[in-house]
Amino acid sequence: MKIYTYITITFLLSLLKIQAQKDFVIVIDPGHGGKDSGCVGAISKEKSINLAVSLQLGELIEQNHKDVKIIYTRKTDVFIPLDERANIANRNKADLFVSIHVNSVKKGNASGAETYTIGLANSDENLDVAMRENSVILMEDDYLRKYEGFDPKSTESYIIFEFIQNKHMEQSVLLASEIQKSFVRSKRENRGVRQAGLLVLRKTSMPSVLIELGFLSNRNEERFIASKEGQTILAQSIYNAFSNYKKDYDRKLGNMKGRSVETVSQPVETITTSYNSADNIQTITSSNKNKDDIIYKVQILTSDKKLSENDKRFKGYNEISFYIEKGIYKYTYGSTSDYSKILNMHKKASKDFKGAFIIRTKNGKRIYK
């Protein structure tokens, strides 16, 4: 009987441990804090607004998603270095990182909310945001060593973001899109999903976004953002977006666990296209391959926009193709039905593209197990 009881208790404890490991972890990062006030308006400071909205967001998630573990980078008015914010997420093996901020401009009367993912700033406006958000590292000791010589005030420093291949780009953009849709439903002006060289996102190893709630430089908008009612609306909007993202995450996770046979993915939005230096852009045809063959490719990077055939991010590789899923361009290298060949291609590509992996396609569509 004692042995039976021991086994039962051990089994139950194992189940509890497995269940705990299944928790979805979100790290909520209230930007700035302590000696770093962030933007300063006529009646408010960014650091206080960021914290208030973050705490409300966490409460909403805690009340309605019992399987979600919430971790804050700060819950009080303290200064946290940028790299430590990302480290908190990485140490806790977070599934999501959401950094909350408020914007400001020196000239004009800009208004509205926008959400950023990691990438190269494609406008002076996006670059200004990145420079302002990254300038917090100047308050940190030994920042040149910690950030490998990165100068937040130098435009040259931001060139590095052109070559970042973020394997979580798709999920980051999906969440950012959900957030902007939710803001629109709350009657907030939509400034869209954007990319910029944000250090706090660069250091994270999971889907990550940085939200700019609005502009303290706009008096009308500041009154809204600084009010309890406004902060509640903003937190509720982000929560609704998170809930939609989590629902999609759970559905995909359930599908992956339930698949016992090979299934074909939904049709992508465009036919797969090949970039070839000799033939320029051409459509891949079945040529000598049976259309029912499994074709292997190596996925090397993703982008929220179509890249030119001579883009530096391809690093001189030929046999580059792409397919589109949910608005994300997914670029692949190679195309063969011979698995041993794709293994060699993958070995080669992995040296130049961190996180490269093999995918399987049939009839021009990616398939999953």
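The analysis underlying the following values was restricted to heavy atoms, covering all of them including side chains, and did not include hydrogens, waters or symmetry mates.
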Whether the Glu46 and Ser37 side chains hold a donor-acceptor pair (N or O, under 3.5 Å, no angle test) is what I'd like checked. no
Ile43 to Ala226 - nearest heavy-atom pair and separation: CD1-CB, 4.3 Å
Contact summary for Gly58 and Ile70, nearest pair of heavy atoms: O-CD1, 3.1 Å
Quick check: is Leu174 connected to Val25 through a chain of hydrophobic side chains (ILVMFWY, heavy atoms under 4.5 Å apart)? no
Output, in order, the C-alpha distance, side-chain angles, deciding distance and verdict of ring pair (Phe, Tyr, Trp, His ring centres under 6.0 Å) for His65 and Tyr239. CA-CA 11 Å; His65 293 274; Tyr239 165 75; 5.8 Å; yes
Go through the steps to decide whether Glu222 and Asn218 satisfy the test side-chain hydrogen bond (donor to acceptor under 3.5 Å, both in side chains), and finish with yes or no. CA-CA 6 Å; Glu222 181 185 14; Asn218 182 313; over 6 Å; no
Output the distance between atom CD1 (Ile100) and atom OG1 (Thr73), rounded to the nearest 0.5 Å. 9.5 Å
Are Val78 and Ile28 linked, directly or through intermediate hydrophobic residues, by side-chain heavy-atom contacts shorter than 4.5 Å (ILVMFWY only)? no
Would you say the side chain of Lys246 lies within less than 4.5 Å of the side chain of Asp67, judging by non-hydrogen atoms? yes
Would you call Ile238 and Leu213 a side-chain contact if the rule is heavy atoms closer than 4.5 Å? yes
Donor-acceptor check, side chain of Ser99 to backbone of Leu210, threshold 3.5 angstrom: yes or no? no
Tell me, do Ile295 and Arg360 make a side-chain contact under 4.5 Å, heavy atoms counted? no
Students often mix this up, so state it plainly: with edges at 30° and 60°, are the rings of Phe24 and Tyr245 parallel, tilted or perpendicular? perpendicular
For Thr115 and Gln180: C-alpha separation, side-chain torsions, deciding distance, then whether side-chain hydrogen bond (donor to acceptor under 3.5 Å, both in side chains) applies. CA-CA 7 Å; Thr115 305; Gln180 289 305 121; 2.7 Å; yes
Would you indicate whether Glu189, at its atom CD, is surrounded by more than 12 heavy atoms from other residues, nucleotides or ligands within a distance under 6.0 Å? yes
Count the heavy atoms of every other residue, nucleotide or ligand shown that sit under 6.0 Å from CD of Glu229, and state whether that count exceeds 12. no
Tell me whether Lys75 at atom NZ has more than 12 heavy atoms from other residues, nucleotides or ligands lying less than 6.0 Å away. no
What I want to check is whether the side chains of Tyr323 and Arg366 have a donor and an acceptor closer together than 3.5 Å. yes
Can you find a heavy atom in the side chain of Leu82 that is under 4.5 Å from one in the side chain of Arg85? yes
Flag the pair Ile211 / Leu234 as yes when at least one side-chain heavy-atom distance between them is below 4.5 Å, and no otherwise. no
Applying side chain to side chain contact (heavy atoms under 4.5 Å, CB included) to Val193 and Asp304, what does each step give before you reach the verdict? CA-CA 10 Å; Val193 175; Asp304 62 344; 5.6 Å; no
Yes or no on side-chain hydrogen bond (donor to acceptor under 3.5 Å, both in side chains) for Ser335 and Glu319, after CA distance, side-chain angles and deciding distance? CA-CA 7 Å; Ser335 178; Glu319 295 187 73; over 6 Å; no
So, do Ile342 and Val298 sit near enough that their side-chain heavy atoms are less than 4.5 Å apart? yes
Among residues at least two apart in sequence or on other chains, which ones pass salt bridge (Lys or Arg N to Asp or Glu O under 4.0 Å) with Arg188? Glu221
Pairing donors with acceptors under 3.5 angstrom, does anything connect the side chains of Glu114 and Asn190? no
Under 6.0 Å from the CZ atom of Arg91, do we count more than 12 heavy atoms belonging to anything else shown? yes
For the atom pair OH (Tyr116) and CG (Leu201), what is the distance rounded to the nearest 0.5 Å? 11.0 Å
Determine yes or no for a side-chain-to-main-chain donor-acceptor pair under 3.5 angstrom, with Ser303 supplying the side chain and Lys306 the backbone. no
Phe79 six-ring centre to Lys35 NZ/CZ under 6.0 Å and within 45° of normal: yes
Nearest non-hydrogen partners of Ala110 and Arg191, listed with the distance: CB-NH1, 4.2 Å
Distance to the ring centre below 6.0 angstrom and angle to the axis at most 45 degrees; does that hold for Lys348 and Tyr317? yes
How many angstroms lie between CG in Leu307 and OG1 in Thr302, if you round to the nearest 0.5 Å? 9.5 Å
Gap between atom NZ of Lys47 and atom CG of Asp77 - 0.5 Å precision: 3.5 Å
Is the shortest distance from a Lys or Arg side-chain nitrogen in Lys106 or Asp128 to a carboxylate oxygen in the other one below 4.0 Å? no
Can you tell me if Asn50 uses its side chain to pair, donor with acceptor, with the backbone of Gly33 under 3.5 Å? no
Write down the atom of Ile118, the atom of Met169, and the distance for their closest heavy-atom approach. O-CE, 3.5 Å
Has Arg74 got a side-chain atom pairing as donor or acceptor with Gly31's backbone, closer than 3.5 angstrom? yes
Step through it carefully: locate the ring centre of Phe353, locate the ring centre of Tyr333, and say whether they are under 6.0 Å apart. no
I'd like to check Tyr72 versus Asp29 (side-chain heavy atoms, cut-off strictly below 4.5 Å). Are they in contact? no
Quick check: do Glu309 and Ile320 have side-chain heavy atoms less than 4.5 Å from each other? no
Is there a chain of hydrophobic side chains (I, L, V, M, F, W, Y, each step under 4.5 Å between heavy atoms) that links Val184 to Phe224? no
As an exercise, state the distance from CG of Asn92 to CE of Met206, rounded to the nearest 0.5 Å. 8.5 Å
Run the salt bridge (charged side-chain N to carboxylate O under 4.0 Å, His left out) test on Asp248 and Arg251 for me, step by step, so that the C-alpha distance in whole Å, both residues' side-chain angles and the decisive distance to 0.1 Å come before the verdict. CA-CA 5 Å; Asp248 188 57; Arg251 178 184 59 79; 2.5 Å; yes
Verify side chain to side chain contact (heavy atoms under 4.5 Å, CB included) between Phe215 and Val102, making sure each step is shown before the conclusion. CA-CA 6 Å; Phe215 288 80; Val102 181; over 6 Å; no
Please determine, by modelled atom types, if Ser172 and Ser208 share a side-chain donor-acceptor pair under 3.5 angstrom. no
Dump the intermediate steps for side chain to side chain contact (heavy atoms under 4.5 Å, CB included) on Phe97 and Val209, then the final yes or no. CA-CA 7 Å; Phe97 178 86; Val209 298; over 6 Å; no
Of the non-hydrogen atoms in Leu216 and Cys39, which two are nearest, and what is the gap between them? CD1-O, 3.6 Å
Quick one: closest heavy-atom pair of Glu212 and Asn103, and the distance? OE1-N, 3.2 Å
Please test Ile328 against Val173 for side chain to side chain contact (heavy atoms under 4.5 Å, CB included), starting from the C-alpha separation and ending with a verdict. CA-CA 8 Å; Ile328 303 297; Val173 172; 3.7 Å; yes
What's the spacing between Phe242 CZ and Glu178 CD if we round to 0.5 Å? 12.0 Å
I'd like to know if Ile80 and Ile26 are part of one continuous hydrophobic network [Ile/Leu/Val/Met/Phe/Trp/Tyr, side-chain heavy atoms within less than 4.5 Å]. no
Do Leu51 and Val40 land in one hydrophobic cluster if side-chain heavy atoms of ILVMFWY residues count as linked below 4.5 Å? no
Could you go through the side-chain hydrogen bond (donor to acceptor under 3.5 Å, both in side chains) check for Gln299 and Thr332 one step at a time? CA-CA 4 Å; Gln299 187 160 312; Thr332 62; over 6 Å; no
